[in-house]
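In what follows, a single structure is set out as C-alpha cells and then discussed.
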Amino acid sequence: MPAAIALASALVVVALQRFVEWRYGTMGAVGLLFLTVGLKANNHTCSSIGAVILALMFAGPAM
C-alpha cells in the first residue's frame, strides 16, 4: 500500500509541475522548484527565493 501512495503523490507532483510550466512558463516551474526544495530542506533562503519568483509571476500582468 505505501508504494501506491508514493506513486500517486509522485503523479500529483508531476501533474502540478506540468500545469505550472504550461500556465506560467519555465520561470514558474523554477519558482515552484525553489519553493519545494526550500520547504523540504528547511532552507528559508531557498523557499523565499521560490516564493518571490512565484509572486512576481502571478502579479506580473497586474503591474
Side-chain angles (χ1 to χ4, degrees):
M1 193 64 163
I5 294 172
L7 180 62
S9 65
L11 288 174
V12 168
V13 168
V14 169
L16 178 66
Q17 180 187 6
R18 295 289 179 173
F19 174 73
V20 168
E21 189 170 351
W22 168 73
R23 181 73 170 100
Y24 298 105
T26 305
M27 285 305 294
V30 169
L32 183 65
L33 177 72
F34 270 116
L35 183 63
T36 305
V37 169
L39 290 175
K40 293 223 182 245
N42 201 15
N43 186 341
H44 300 293
T45 304
C46 191
S47 59
S48 296
I49 290 171
V52 167
I53 290 173
L54 288 175
L56 288 174
M57 292 299 300
F58 293 139
M63 293 180 146

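Given the structure is predicted, the values throughout are model-derived calculations rather than measurements. For the single chain, residues carry numbers from 1 onward in sequence order.
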Counting only pairs under 3.5 Å, give me each side-chain donor-acceptor contact of residues 27-39, with atom names and distances, residues two or more places apart or in other chains.
residue : atom : partner : partner atom : Å
Thr36   : OG1  : Leu32   : O            : 2.8

Donor-acceptor contacts under 3.5 Å from residues 46-55 side chains, at least two apart:
residue : atom : partner : partner atom : Å
Ser47   : OG   : Asn43   : O            : 3.2
Ser47   : OG   : His44   : O            : 3.1
Ser48   : OG   : His44   : O            : 2.7

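The other residues sharing a hydrophobic cluster with Leu11 are Leu7, where clustering joins ILVMFWY side chains under 4.5 Å apart.
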